[in-house]
*Asks:* 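Got a structure here, written out as structure tokens. Questions coming.
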There are 2 protein chains.
Amino acid sequence: MQIPSSSITRLSIYYRALLSLKDAALISSQELSDFTECSASQIRKDLAYFGQFGRPGCGYPVEDLKRELKKILGVDKDWDVALVGAGNLGSALLAYKGFKGQGFNIKHAFDNDTRKIGKVKQGIRIRDIEDLKKVIKSSKIGMAIVAVPQEAAREIIDRLVSSGIKAILNFAPARPKVPTGVELLNIDLSMELERLTYFLKRVRA
Amino acid sequence: MQIPSSSITRLSIYYRALLSLKDAALISSQELSDFTECSASQIRKDLAYFGQFGRPGCGYPVEDLKRELKKILGVDKDWDVALVGAGNLGSALLAYKGFKGQGFNIKHAFDNDTRKIGKVKQGIRIRDIEDLKKVIKSSKIGMAIVAVPQEAAREIIDRLVSSGIKAILNFAPARPKVPTGVELLNIDLSMELERLTYFLKRVRA
DNA sequence: TAGATTGTTAATCGATTAACAATC
DNA sequence: TAGATTGTTAATCGATTAACAATC
């Protein structure tokens, strides 16, 4: 069965809510609904896609549910990540504490700027982009973050795909095509701001 | 009529596609579909929410459509933006070229770290967070970007709202509640990676 | 047992797609 | 005029919500 991608996003939200919940042993879908602003019905439905984690009449055991959600989301173990582009944004991502906290470790960083290559940031030595394929293949890394300028995005993403990368988080304002079997998630920061200006224009009018 | 927010996201996609289209005078929904991977039917529908921009039998005049989309999205004029948090991520956003290119100008930046306050980055002097309300009220800025640590997010966002900010792009991994009339868009970077690991886990299995 | 809450099915709602009359 | 393509309505599809039997 095809599970809606909005369900997956919500599973992350549920998981975050449970993390900030230290004391309780059980939580009902209604209580979780109060925290997350998703409907209780929807929470039960989303969870039911993956199994039966609750006890009728009682609710969901918090610790068990946390563990199950970690498994479902794939964060029950750490992931190695490659970063391409060590400019302002790339360097900020390299330093981002939130990744390590969730088990995401940036293991390799690449750039094409000779002034950056060889420098060490956050304990990671910036490598020549030309070594991309070799390093990724030998380290068997499956996911990459792209923080290169727009004009370089297409080529970089092609190279990542041909190096065996299966999942890409792309911050370049471009929407390159990738073969099926490769997941590309685009975050275009200007586009996000545009959604806000669309809204602003309306409330102001 | 309530227009689906996915339509707005697509309007941004169409607009970007048109920008990269220098030569043509007219474009059909089918041609735009080829560029954007949205269906022709959907493109016509999305545009029809806002007016009649095409000519039956011919297609859409590219320049006119660009101008209309700019108006709809609210990017026909520049917007001033406030940035809160001048750490790694905040500084990267301050330096981000893509914003200026789309007419978004970060006019003020704030932090609570005395080592950062007073420093100038990208021509912007970092100000004390305590001056937030005063500066925002007097400059009549409507939108803000939040790049503070998780534990500070709630308070900062409350302060932005009470200063009159109507639209917030939040990078802190938190989902604070805001009153209706204020638009909050959360970008949680770890959550985005989780969507990728969910996918990776499935293709690998 | 009585009360509470899950898991699941059916009903509703909304968004996408298909079809086609209008028209350039 | 004939061909092409829009704008719009109707049909389909999928996701959310409501309801309730099962069960702790």
Side-chain angles (χ1 to χ4, degrees), chain A residues 1-15 17-18 21 24-69 71-72 175 195 198-199, chain B residues 1-15 17-18 21 24-69 71-72 175 195 198-199:
Chain A
M1 181 195 21
Q2 183 55 37
I3 293 149
S5 94
S6 48
S7 287
I8 308 309
T9 305
R10 284 192 301 266
L11 291 184
S12 279
I13 295 173
Y14 307 154
Y15 177 59
L18 293 178
L21 202 85
L26 287 163
I27 189 168
S28 69
S29 55
Q30 185 51 56
E31 287 170 300
L32 195 49
S33 168
D34 296 337
F35 286 113
T36 58
E37 293 177 289
C38 303
S39 78
S41 200
Q42 187 160 64
I43 290 171
R44 295 201 299 278
K45 189 112 223 263
D46 287 338
L47 295 174
Y49 284 129
F50 297 94
Q52 306 189 156
F53 308 125
R55 282 190 305 210
C58 307
Y60 298 89
V62 174
E63 286 310 315
D64 292 6
L65 187 54
K66 260 193 234 173
R67 198 172 42 246
E68 292 293 342
L69 285 173
K71 251 201 280 181
I72 294 165
R175 308 175 74 79
R195 290 175 55 181
Y198 169 81
F199 168 82
Chain B
M1 181 196 20
Q2 183 54 37
I3 292 148
S5 95
S6 47
S7 287
I8 308 309
T9 305
R10 284 192 301 266
L11 291 183
S12 278
I13 295 174
Y14 308 154
Y15 176 59
L18 293 178
L21 201 86
L26 287 163
I27 189 167
S28 70
S29 56
Q30 185 51 57
E31 287 170 298
L32 195 50
S33 169
D34 297 337
F35 286 112
T36 58
E37 294 176 289
C38 303
S39 77
S41 201
Q42 188 159 62
I43 290 170
R44 294 201 300 279
K45 189 115 225 263
D46 286 339
L47 295 174
Y49 284 128
F50 297 94
Q52 307 188 156
F53 308 126
R55 281 190 306 208
C58 307
Y60 298 88
V62 174
E63 286 308 316
D64 292 6
L65 187 54
K66 259 193 235 173
R67 196 171 45 243
E68 291 293 343
L69 285 173
K71 253 201 278 182
I72 294 165
R175 309 176 71 79
R195 290 173 56 180
Y198 169 81
F199 168 82

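We name chains A, B, ... by the order of the sequence lines, and we start the count at 1 in each one. Values in this document were obtained by computation on a predicted structure and should not be read as measured data.
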*Asks:* Between B:A17 and B:L32, which heavy-atom pair has the shortest distance, and what is it?
*Replies:*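 In terms of heavy atoms, the two residues are closest at CB-CD1, 4.0 Å.
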*Asks:* Distance from B:I13 atom CD1 to B:E37 atom CD, nearest 0.5 Å?
*Replies:* 9.5 Å
*Asks:* For D:dA18, does OP1 or OP2 lie under 4.0 Å from any side-chain N or O of A:S41?
*Replies:* no
*Asks:* B:I27 CD1 to D:dA4 P: how many Å, rounded?
*Replies:*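 These atoms are roughly 18 Å apart.
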*Asks:* Apply side-chain contact (heavy atoms from CB on, under 4.5 Å) to the pair A:Y60 and A:L18, showing each step before the final yes or no.
*Replies:* CA-CA 11 Å; A:Y60 298 89; A:L18 293 178; over 6 Å; no
*Asks:* So which atom in B:S7 and which in B:D46 form the shortest heavy-atom distance, rounded to 0.1 Å?
*Replies:*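 So the minimum-distance heavy-atom pair works out to OG-OD1, 2.7 Å.
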*Asks:* Please round to the nearest 0.5 Å and tell me the distance separating atom CD of B:E63 and atom CD1 of B:I27.
*Replies:* 11.5 Å
*Asks:* Any side-chain N or O of A:Q52 below 4.0 angstrom from OP1/OP2 of C:dT8?
*Replies:* yes
*Asks:* Between B:L11 and A:Y198, is there a side-chain heavy-atom distance shorter than 4.5 Å?
*Replies:* no
*Asks:* Which nucleotide in the set D:dT8, D:dT6, C:dG7 lies at the smallest distance from any side-chain heavy atom of A:Y60?
*Replies:*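 Looking only at heavy atoms from C-beta outward on A:Y60, the closest nucleotide is C:dG7.
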*Asks:* Once you round it to whole Å, what is the distance between C1' of C:dT6 and CD of A:E68?
*Replies:* 16 Å
*Asks:* Of the non-hydrogen atoms in B:L26 and B:R55, which two are nearest, and what is the gap between them?
*Replies:* CD2-NH2, 3.7 Å
*Asks:* Figure out the CZ/P separation between A:F50 and C:dG7, and round it to whole Å.
*Replies:*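 Atom-to-atom, A:F50 to C:dG7, this comes out as 14 Å.
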*Asks:* In this structure, how many angstroms lie between the P atom of D:dT6 and the CG atom of B:L47, rounded?
*Replies:*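 Result: 9 Å.
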*Asks:* Pull out every stem in DNA chain C, meaning runs of 3 or more consecutive Watson-Crick or G-U wobble pairs with both distances under 3.5 Å.
*Replies:*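 Result, WC/G-U stems under 3.5 Å: C:3-24 with D:3-24.
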*Asks:* Pull out every protein N or O sitting under 3.5 Å from an N or O of nucleotides 21-24 of chain C, one pair per line with the distance.
*Replies:*
unit_1: C:dC24; atom_1: O4'; unit_2: B:P56; atom_2: O; d: 3.2

*Asks:* What closest approach, in Å, do B:F50 and B:F53 show between heavy atoms, and which atom pair accounts for it?
*Replies:* O-CZ, 3.4 Å
*Asks:* Please assess B:Y14 against B:C38 for the test side-chain contact (heavy atoms from CB on, under 4.5 Å), listing each intermediate value before the final yes or no.
*Replies:* CA-CA 9 Å; B:Y14 308 154; B:C38 303; 3.9 Å; yes
*Asks:* Please identify which of these residues, A:S39, A:S29, A:S33, A:S28, meets the side-chain hydrogen bond (donor to acceptor under 3.5 Å, both in side chains) condition with A:R44.
*Replies:*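 Going through the options one by one, the only one that passes is A:S29.
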*Asks:* Restricting both atoms to N or O, compile the protein contacts to nucleotides 14-16 of chain D shorter than 3.5 Å, with distance only.
*Replies:*
unit_1: D:dT16; atom_1: OP1; unit_2: A:S6; atom_2: OG; d: 3.3
unit_1: D:dT16; atom_1: OP1; unit_2: A:R10; atom_2: NH1; d: 3.2
unit_1: D:dT16; atom_1: OP2; unit_2: A:R10; atom_2: NH2; d: 3.2
unit_1: D:dT16; atom_1: O5'; unit_2: A:Q42; atom_2: NE2; d: 3.0

*Asks:* Using whole Å, what does the distance between atom C1' of nucleotide C:dT8 and atom CD1 of A:I43 come to?
*Replies:*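 Rounded to whole Å, this separation is 16 Å.
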*Asks:* Using whole Å, what does the distance between atom C1' of nucleotide D:dC20 and atom CZ of A:R44 come to?
*Replies:*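 Whole-Å distance recorded here is 10 Å.
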*Asks:* Once you round it to whole Å, what is the distance between P of D:dT6 and CZ of B:F53?
*Replies:* 14 Å
*Asks:* Measuring from A:I8:CD1 to B:R195:CZ, what's the distance to the nearest 0.5 Å?
*Replies:* 9.0 Å
